[in-house]
Amino acid sequence: MLPDDRLPTEGASLLTHPLAESWQRSRGYGLARADQHISFIKAGLLEERRSRNDWVPQRVQPLIEQLGAQITRQPAIVVIADADGLVLETRGNTDFLHKASRFALAPGNPWGEAERGTNAIGTALALGAFCEVRGDQHYLNQNAGLNCTAAPIYRPDGHIAGVLDLSAPAQRPYRDAQRLIMQAVRHIEHRWVRSAIADRHWTLRLHADAGSLGSAQELLLVFHDEVLVAANRLAMLEFQLSPAAFGAVEFAQLFPDLLRHPSGAPHQTLAGNQRHYYSLLEAPQRRVSALRSAPPAQRHDEQHQKALRILNAGLSLCVTGETGCGKEHFSRHLFQESRWRNGNFVAINCAALPEPLIESELFGYAPGAFTGANPKGYIGKIREADGGVLFLDEIGDMPAGLQTRLLRVLQEKTVTPLGSRSAYPVDFALVCATHHDLHRQVQAGAFREDLLYRIQEYSLRIPPLRERAQLEAFILQLWRELGGERRDIRLLPEALAMLARYPWPGNVRQLLSTLKVLLALADDHAVLTLDDLPQSIAVLAPRQENADTDQEDLQAAIDTAGGNLSRAAKALGVSRSTLYRKLGRQKAVAE
């Protein structure tokens, strides 16, 4: 064996032992070192593979955009591949992206060891660890012009999701490649555990340095009851956890001397591996979205489930309905439960802005694109929605010229800002909303037919409130969302029934405004009656004065409360505004 465990290999630079073993595996695959043709998969299959790897837009897309922008001044690219080594996305220097395509470093190309022999992507997957392959260390001669650095990305359950790679010319390797790749992978794995799992379970954060807690360098372990259910890769390595450990290893096995109580500040802990750490133990945050708190019949209705499947499949959704019927409200809740939820929900009203402003808002603009523009330029709503959902309200009012530009974006999955020659790749789910009949607009020549079919791959109608079943349950859902339950403000059954009977010509928008007013006027712990409803709503029911609250009773309650009207109202079981109203009516009668 040579010094520093390096082996000579025919026609190649000295190889580290792992790379020498990779060369042996490559021979075993029957690969010849001479140039050979390797097929890439078709566009339809590539989209299918991308949909199966939804962790890329959810966890990685914004980060590789940043990395791509960071390295763009040098001939280098960032590559994301799946667990089989299939390239899903590339970003970076535009010139080198074209050159890299000659090496088949483009989406749809396989880079597993079995197809490409020794290479950073395939060998990192084979090793399950960081790998760098320089120049003629590549097994295939045709890849000798590359210098590649890669590391696998691990899911919170210990399995490999894919790999992140940075590739550059062999003559000009990217100097900081290893630091950039490892830093990015740790950040992805840390965020994956925190955003996907940790908020619902007990989370233990560990590090030898208390100042590193909360950073991507900390060890994260997540427990459901007493059992380990997730961890980041740093914690897996530290405690030698294989995928079989998840769902099997208990808290006490790893931390026999640590009591499972939330800790407000870091304190020293001796773990079962006999190492000392600073630790923070966090109880579940129990962050439940407003939609999940809705009644089961409302939450799991057929329309919602169909729309959710459409959104998760990356298909476009068109939501129709009367003005104010809750199209955006429905779409936001849909987004919160979809696979796009870790991106942004970006909304723009196509009817609320003049045409030039809509264009710059949607597509963004380059620095100095027009007079009065931000000197730094503007990214635009479409690129803001990358990895999330773009919501185009009142799409039927979009000017004809913008319809053409939007169609191009949807077809090519790229956007070019105003005043720029650069096209930026984007991946988002599209939800459009309108109160118009778009088919009639097509017939009238006001809306492009090809755009209609592109934005309306699936269409659903939100009924107006007057047509909805279980309206009382929906009102209570909104009441919770607005904080009524948290403040212990209750609607008496007759008041709730009256709200449900009202026709609501302004639909959800009007209902929300009414509930906000009721909450603003009410004290905490109040009970709201028919008297507290706006006159336009309560007039539908005959008023029944409470015989127990005549003038003497009112005055007695006020006297008992020492003149404090809030306490008096509480004692009478009415809201403060109701008490004011009764006092006002009695004063008017007395006069």
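Both backbone and side-chain heavy atoms feed into the values below; hydrogens, waters and symmetry mates do not.
- The line from CZ of Phe246 to NE2 of His224 is 15.5 Å long, rounded to the nearest 0.5 Å.
- Contact detail for Ile77 and Asn93: the closest heavy-atom pair is CG2-O, 4.1 Å.
- No side-chain donor-acceptor contact under 3.5 Å links Arg233 to the backbone of Glu189.
- In Glu485, the CD atom is not crowded: 12 or fewer heavy atoms of neighbouring residues, nucleotides or ligands sit closer than 6.0 Å.
- Across all non-hydrogen atoms, the minimal contact from Ile379 to Glu384 is CG2-CG, 3.7 Å.
- Checked by atom type and distance alone, the side chain of Asp437 pairs as donor or acceptor with a backbone atom of Arg440 at under 3.5 Å.
- Note that CD1 of Ile455 is 8.5 Å distant from CD of Gln403, once rounded to the nearest 0.5 Å.
- For the residue pair Ser316 / Glu457, a side-chain donor-acceptor distance below 3.5 Å is found, with atom types taken as modelled.
- Distance SG/Cys131 to CD/Gln178: 10.5 Å, rounded to 0.5 Å.
- With hydrogens and angles disregarded, a donor-acceptor distance shorter than 3.5 Å links the side chain of Asp82 to the backbone of Leu86.
- Taking the charged nitrogens against the carboxylate oxygens, Arg116 and Glu113 have no contact shorter than 4.0 Å, which rules out a salt bridge.
- Residue-environment remark: CZ (Arg309) stays at or below the threshold of 12 foreign heavy atoms within 6.0 Å.
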Could you go through the side chain to side chain contact (heavy atoms under 4.5 Å, CB included) check for Leu460 and Val319 one step at a time?
CA-CA 5 Å; Leu460 63 86; Val319 183; 3.9 Å; yes
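- For the pair Asn119 (side chain) and Trp111 (backbone), a donor-acceptor distance under 3.5 Å is present.
- The backbone N or O of Leu511 sits nowhere less than 3.5 Å from a side-chain atom of Trp504 that would complete a donor-acceptor pair.
- Of all non-hydrogen atoms in Ala347 and Arg332, the two that sit nearest each other are CB-NH2, 4.1 Å.
- Counting only distance, with no hydrogens or angles, the side chain of Asn507 and the backbone of Gly326 share no donor-acceptor pair below 3.5 Å.
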Does the pair Arg480 and Leu476 meet the rule for a side chain to side chain contact (heavy atoms under 4.5 Å, CB included), with working shown?
CA-CA 6 Å; Arg480 281 190 292 270; Leu476 289 176; 4.2 Å; yes
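- Judged purely by atom type and a 3.5 angstrom limit, Arg339 uses its side chain to pair as donor or acceptor with the backbone of Asn312.
- Here the shortest heavy-atom pairing between Arg405 and Leu418 reads NH1-CD2, 3.2 Å.
- The backbone N or O of Gly396 lies less than 3.5 Å from a partner atom in the side chain of Gln441, making a donor-acceptor pair.
- Looking at Glu322 and Arg466, a side-chain N of the basic residue comes within less than 4.0 Å of a carboxylate O on the acidic one, giving a salt bridge.
- The existence of a salt bridge linking Glu328 and Arg509 is excluded, since no basic side-chain nitrogen approaches an acidic carboxylate oxygen closer than 4.0 Å.
- Using modelled atom types, one side-chain atom of Tyr154 and one backbone atom of Gly128 make a donor-acceptor pair closer than 3.5 Å.
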Criterion salt bridge (Lys or Arg N to Asp or Glu O under 4.0 Å) on Arg194 and Glu218, from CA distance to verdict
CA-CA 12 Å; Arg194 293 294 298 164; Glu218 70 181 350; 5.3 Å; no
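- Under 4.0 Å is where a charged nitrogen must lie from a carboxylate oxygen, and between Asp427 and Arg50 no such pair does.
- Between Ile188 and Trp55, the closest side-chain pair of non-hydrogen atoms is not below 4.5 Å.
- Taking the six-membered ring where tryptophan is involved, the planes of Phe474 and His329 are perpendicular, since the angle between them exceeds 60° and thus also 30°.
- Judged by distance alone, with hydrogens and angles left aside, the side-chain atoms of Lys327 form a donor-acceptor pair with the main-chain N or O of Gly321 at under 3.5 Å.
- More than 12 non-hydrogen atoms from other residues, nucleotides or ligands lie less than 6.0 angstrom from CZ of Arg179.
- Asp450 and Arg448 are joined by a salt bridge, as a carboxylate oxygen and a charged side-chain nitrogen come within less than 4.0 angstrom of each other.
- Note that the CG atom of Leu410 and the CD1 atom of Ile382 stand 7.5 Å from one another [nearest 0.5 Å].
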